[in-house]
Amino acid sequence: GVMGAQIAAHLANANVPVVLFDLPAKEGDKNGIVKKALDGLKKLDPAPLSSKAKLKFIDAANYEEHLPLLAECDLVIEAIAERMDWKNDLYAKIAPHLKADAIIASNTSGLSINALAEALPPALRSRFCGIHFFNPPRYMQLVEIIPCKASAAPMLDALETFLTTTLGKGVVRAL
């Protein structure tokens with residue numbers, strides 16, 4: 001969606017390689033939906049990309065063909081619609097493909113992080129939290145980190161360091 005693509009653009013602006021996932025298209029190129037979202041980045045105002053050349057840092061992927069790519073990702077940010085059932089289904093789909101030390105985060109702004117964590121296998125919950133980018137991510141200074149009950153303090157510290165030093169964000173931790 002639009003928010004996921006804008007978060008991907010913000011990471012790309014910092015020269016961070018990104019794999020942007022979306023649903024597989026029902027017709028034509030299975031990456032058609034994500035490619036449409038990437039094309040849309042060029043048209044948004046204010047511009048989410050510092051330059052169109054930054055698109056080279058974003059690879060298009062879909063949940064049907066490319067889940068093994070998650071094994072290469074250090075940070076996985078879920079930014080799908082605010083529906084608990086959809087998020088739970090997505091977590092079940094991606095969990096087997098995550099690398100052993102990947103941070104998993106939801107960009108939710110309205111759902112319980114603790115309830116979302118319950119959808120993950122227990123071994124992943126210490127690496128899960130909320131990460132709320134405000135819209136538009138490139139221009140809004142603040143990012144909120146929302147720990148769940150099981151979030152490991154060192155993971156939260158590492159995430160905050162990444163957000164401040166690599167993305168230049170100001171971080172607020174929710175209680």
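The figures that follow rest on heavy atoms only: side chains count, while hydrogens, waters and symmetry mates do not. Computed from a prediction, not measured in an experiment: that's the story for all the values here. Position 1 is the first residue of the sequence, and the numbers go up from there.
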Spell out, as yes or no, whether a donor-acceptor pair under 3.5 Å connects the side chain of Asn62 to the backbone of Glu65. yes
Can any side-chain N or O of Asn114 pair as donor or acceptor with the backbone N or O of Lys149 at less than 3.5 Å? yes
Partner of Glu160 under side-chain contact (heavy atoms from CB on, under 4.5 Å), chosen from Val143, Ile145, Val172: Ile145
Return the minimal non-hydrogen interatomic distance between Leu156 and Pro147, and the atom names on each side. CD1-CB, 3.7 Å
Salt bridge (Lys or Arg N to Asp or Glu O under 4.0 Å), that's the test. Do Asp29 and Lys35 meet it? Break it down for me. CA-CA 9 Å; Asp29 182 351; Lys35 286 180 178 176; 2.6 Å; yes
Between CG of Leu116 and CD1 of Ile104, what distance do you get to the nearest 0.5 Å? 12.5 Å
Residue pair Ala14 / Leu167: nearest heavy atoms and the distance that separates them: CB-CD2, 3.7 Å
Indicate if Leu11 and Ile80 have the same hydrophobic cluster label, given that clusters are the connected sets of ILVMFWY residues with side-chain heavy-atom separations under 4.5 angstrom. no
Flag side-chain contact, heavy atom, 4.5 Å: Leu38 against Ile58: yes
Same apolar cluster: Met155 and Val171, side chain cutoff 4.5 Å: yes
For Asn13 and Pro48, indicate whether the former's side chain and the latter's backbone hold a donor-acceptor pair under 3.5 Å. yes
Looking at CD1 of Ile131 and CD1 of Ile7, how far apart are the two atoms once the value is rounded to the nearest 0.5 Å? 7.5 Å
Are Phe57 and Leu70 joined in one hydrophobic group, where the rule is that I, L, V, M, F, W and Y side chains link up if heavy atoms are under 4.5 Å apart? no
Is there a donor-acceptor pair under 3.5 Å between the side chain of Arg138 and the backbone N or O of His10? no
Do Ser151 side-chain atoms and Phe128 backbone N/O form a donor-acceptor pair below 3.5 Å? yes
Single-linkage hydrophobic cluster Leu90~Phe133, side-chain heavy atoms < 4.5 angstrom: no
Interatomic distance, Ile113 atom CD1 to His132 atom NE2 [nearest 0.5 angstrom]: 10.0 Å
Is it the case that the side chain of Arg127 and the backbone of Ala102 share a donor-acceptor pair, with hydrogens and angles ignored and the cut-off at 3.5 Å? yes
Answer yes when Glu144 and Arg173 have at least one side-chain N-carboxylate O distance shorter than 4.0 Å, and no when they do not. no
Distance-only, no hydrogens or angles: does the Lys87 side chain make a donor-acceptor pair with backbone N or O of Glu78 under 3.5 Å? no
Value rounded to 0.5 Å, distance of NE2 in His97 from CD in Glu72: 13.0 Å
For Ala8 and Leu20, the nearest pair of non-hydrogen atoms, with its separation, is CB-CD1, 4.2 Å
Worked check of side-chain contact (heavy atoms from CB on, under 4.5 Å) between Lys54 and Asn15: CA-CA 7 Å; Lys54 294 294 184 175; Asn15 300 328; 2.4 Å; yes
Should the heavy atoms of other residues, nucleotides or ligands under 6.0 Å from NZ of Lys99 be counted, would the total exceed 12? yes
Using 0.5 Å steps for rounding, measure from the CD atom of Glu82 to the CG atom of Leu111. 4.5 Å
Looking at Phe134 versus Tyr139, is the centre-to-centre ring distance below 6.0 Å? no
Give the minimum heavy-atom separation between Ala79 and Asn107, together with the two atoms involved. CB-CB, 4.1 Å
For Thr161 versus Thr164, what's the shortest heavy-atom pair and its separation? O-OG1, 3.2 Å
Out of curiosity, Cys73 SG to Ile103 CD1, how far, rounded to the nearest 0.5 Å? 12.0 Å
So Phe21 and His66, would you call those rings parallel, tilted or perpendicular, with 30° and 60° as cut-offs? perpendicular
Would you check if the side chain of Thr166 reaches a backbone N or O of Leu163 as a donor-acceptor pair within less than 3.5 Å? no
For residues Met140 and Met3: do they belong to one hydrophobic cluster (side chain heavy atoms under 4.5 Å, members Ile, Leu, Val, Met, Phe, Trp, Tyr)? no
